[in-house]
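As structure tokens, the structure follows; a few thoughts come after it.
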2 protein chains.
Amino acid sequence: MSKDGEFSTRQNGSEPRPSRASVTRLSLYLRRLESLLQEGITTVSSGQLGESLGVTDAQVRKDLAHLGTHGHPGIGYDAPELVPAIRRTLGIDRDWPTALVGVGNLARALLRYHGFLDRGFRIVALFDADPAKVGQFVDGLEVHPLERMGPVIATTGAELGILAVPSEASQSVADALVAAGVRGLLNFAPCVLRLPSHVSVVSVDLTVQLEQLAFLVHLGSTG
Amino acid sequence: MSKDGEFSTRQNGSEPRPSRASVTRLSLYLRRLESLLQEGITTVSSGQLGESLGVTDAQVRKDLAHLGTHGHPGIGYDAPELVPAIRRTLGIDRDWPTALVGVGNLARALLRYHGFLDRGFRIVALFDADPAKVGQFVDGLEVHPLERMGPVIATTGAELGILAVPSEASQSVADALVAAGVRGLLNFAPCVLRLPSHVSVVSVDLTVQLEQLAFLVHLGSTG
DNA sequence: GGATGTGAACGACTTCACAGCG
DNA sequence: CGCTGTGAAGTCGTTCACATCC
């Protein structure tokens, strides 16, 4: 430390808190580390870890400094030690029971994609407004009507909600999910949700992403 | 411009170039403006435009300064004037013929979602590695085998590609698309693609998004 | 030697504040 | 008077550089 270092009794050590960008990178490090572990590699340096992801070594070290663990100077980081530490920091060292609203093609794609399950995002309830879909079973889960949201979410203990419904319905469905006790939403509808501040929202707006891509390509061709 | 600023003969005026965050917001402004126009509202102030999106008025003005157009002091901005200006800046004042690889549930969801078509992202070709799917018609489009990528992309003139294939296949499919002349990729696979620098990539990594959400909720409960 | 951890410099983006215009 | 446009200040995140430790 520059002057001295006496108030070092921060029980958790580490920086104030990971930034959003840093959290994104931690997710990527985690996936890479798990992959390395499967190859039997247990020691990795910040340079190696960042290389495949296009991140500088210094950035990797700063990100990993948010964790409680420490690397080993001259050696690198220990993957079996790092993986649980990242999980803990991200809050994914436990299961997140999740409700999925809107059982269309997108929902089916999400259900089939087992990358979620493997990482603790267990879909525990399905809802749809369409009476024709209610009562059907998809991937072993019954589709419930929106009206039953309260009791079903209480029973299943869902804490997160995924909105795969049309834009017009998304605000009302979001309100219903929040009323039922859900604390975080992943929104696929192209709209901005207005929700109480204790509810977290992450939006995946595919149109915006495509427009970003168009802009980048456009920039490449025109300068 | 720290010392002086004599090479100010940038014919297009305006700031150096919109940042990535700024481009994202421009997409959102565009959508909001189109919605306002449908309600018959043609004049809007920076404050009004930003309010619904959670953006400050100053930020909106800075973003709009990237455009060639100007607002009207004391009045606000003119939506019919702004909409084409944003389109031009984003490079979406034209069609973007797009190829879609991997005809699973995600692809079907994207095809059904007409928000893309309306905005010029026309899906013009479908590909799949599964022989059972090849030859089928989905939403009026024939599914081609991967081997035919070169000629089909040449014929259809696709400039963008959407990767809705499993992780393991994504790098090779990306390489094939690039070899066929595609200049931009929207990647849904949870992996980092290595591509020549003249190709732009936007990745939508759903696991990372869910982990971000878990982190935010986790943060809310633990402090 | 090789790699970590971290102040300090740097750069990018956001907010502030206010001159200027309609 | 209201609202834009924009330098200046402020904030946040990244990169640099180097002391430190195995």
Side-chain angles (χ1 to χ4, degrees), chain A residues 1-8 10 12-26 28-29 33 36 41-51 53-79 81-82 85-86 89 212, chain B residues 1-5 8 10 12-26 28-29 33 41-51 53-79 81-82 85-86 212:
Chain A
M1 315 252 171
S2 56
K3 287 201 167 222
D4 56 17
E6 52 217 306
F7 53 95
S8 47
R10 286 276 290 295
N12 196 350
S14 75
E15 301 279 304
R17 101 188 24 170
S19 71
R20 181 150 179 161
S22 184
V23 169
T24 298
R25 285 189 301 268
L26 284 172
L28 298 174
Y29 302 152
L33 286 166
L36 287 171
I41 298 171
T42 57
T43 296
V44 63
S45 71
S46 54
Q48 290 165 348
L49 189 51
E51 193 177 15
L53 305 170
V55 176
T56 65
D57 56 342
Q59 182 72 78
V60 171
R61 290 198 296 277
K62 274 276 207 282
D63 288 336
L64 295 183
H66 293 299
L67 282 46
T69 48
H70 295 281
H72 308 283
I75 309 287
Y77 294 87
D78 185 52
E81 180 178 359
L82 222 45
I86 296 180
T89 300
Q212 284 236 6
Chain B
M1 307 236 171
S2 55
K3 292 210 164 218
D4 58 18
S8 48
R10 288 278 291 293
N12 195 350
S14 76
E15 300 280 304
R17 102 190 22 174
S19 70
R20 179 149 182 162
S22 185
V23 169
T24 298
R25 286 190 301 268
L26 284 171
L28 298 174
Y29 302 152
L33 286 165
I41 298 170
T42 58
T43 297
V44 63
S45 72
S46 55
Q48 290 164 349
L49 188 51
E51 193 177 15
L53 305 170
V55 176
T56 66
D57 56 341
Q59 182 73 77
V60 172
R61 291 198 294 278
K62 275 277 206 287
D63 288 336
L64 295 184
H66 293 298
L67 282 47
T69 47
H70 294 281
H72 307 283
I75 309 287
Y77 294 86
D78 186 52
E81 180 178 358
L82 221 47
I86 296 180
Q212 283 237 6

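All values below were derived from every heavy atom in this structure, side-chain atoms included, with hydrogens, water molecules and symmetry-related copies excluded. Labels below follow one simple rule: chain letters A, B, ... track the order of the sequence lines, proteins then strands, and each chain is numbered from 1.
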Checklist entry - Does a side-chain heavy-atom distance below 4.5 Å link Leu53(A) with Arg25(A)? => result no
Item to check | Contact under 4.0 Å: Ser46(B) side-chain N or O vs dT4(D) OP1/OP2 | outcome: yes
Checklist entry - Whole Å only: how far is the CG atom of Leu26(A) from the P atom of dT14(D)? => result 11 Å
Item to check | Stepwise side chain to side chain contact (heavy atoms under 4.5 Å, CB included) test for Gln212(A) and Arg20(B) | outcome: CA-CA 8 Å; Gln212(A) 284 236 6; Arg20(B) 179 149 182 162; 3.0 Å; yes
Checklist entry - Got a sec, which residues hit side-chain contact (heavy atoms from CB on, under 4.5 Å) with Thr69(A), two or more places apart in sequence or on another chain? => result Leu67(A), Glu81(A), Leu82(A), Ala85(A)
Item to check | Gap between atoms CG and C1', on Asp57(A) and dA3(C) respectively (whole Å) | outcome: 9 Å
Checklist entry - What string of B, S and - do you get for nucleotides 11-16 of chain C 5' to 3' if you count protein non-hydrogen atoms under 4.0 Å? => result --SSB-
Checklist entry - With respect to the phosphate group of dG2(C), does any side-chain polar atom (N or O) of Tyr77(A) fall under 4.0 Å of OP1 or OP2? => result no
Checklist entry - Taking only N and O in the side chain of His70(B), is any of them less than 4.0 Å away from OP1 or OP2 of dT4(D)? => result no
Checklist entry - Please give, in whole Å, the distance from dC22(D) P to Asp78(A) CG? => result 16 Å
Checklist outcome for this item: Rounded to whole Å, CD of Glu51(B) lies from C1' of dC3(D) at a distance of 15 Å
Checklist entry - What is the distance from NE2 of His72(B) to C1' of dG20(C), rounded to the nearest Å? => result 16 Å
Checklist entry - If you measure from OH on Tyr77(A) to CD on Gln48(A), what distance do you get to the nearest 0.5 Å? => result 12.0 Å
Item to check | Residues that Ser45(A) engages under side chain to side chain donor-acceptor pair (under 3.5 Å), provided they are two or more places apart | outcome: none
Checklist entry - Can you check whether Ser46(A) reaches Leu64(A) side chain to side chain, under 4.5 Å on heavy atoms? => result no
Item to check | Atom pair distance, as rounded to whole Å: NE2 in His66(B) and P in dT6(D) | outcome: 12 Å
Checklist outcome for this item: In whole angstroms, the gap separating P of dC3(D) from CD of Gln48(B) amounts to 7 Å
Checklist entry - Whole Å only: how far is the CD1 atom of Ile75(A) from the P atom of dT4(C)? => result 10 Å
Next on the checklist: I need the Ser22(B) OG to Lys62(B) NZ distance, nearest 0.5 Å.
Outcome noted: 11.0 Å
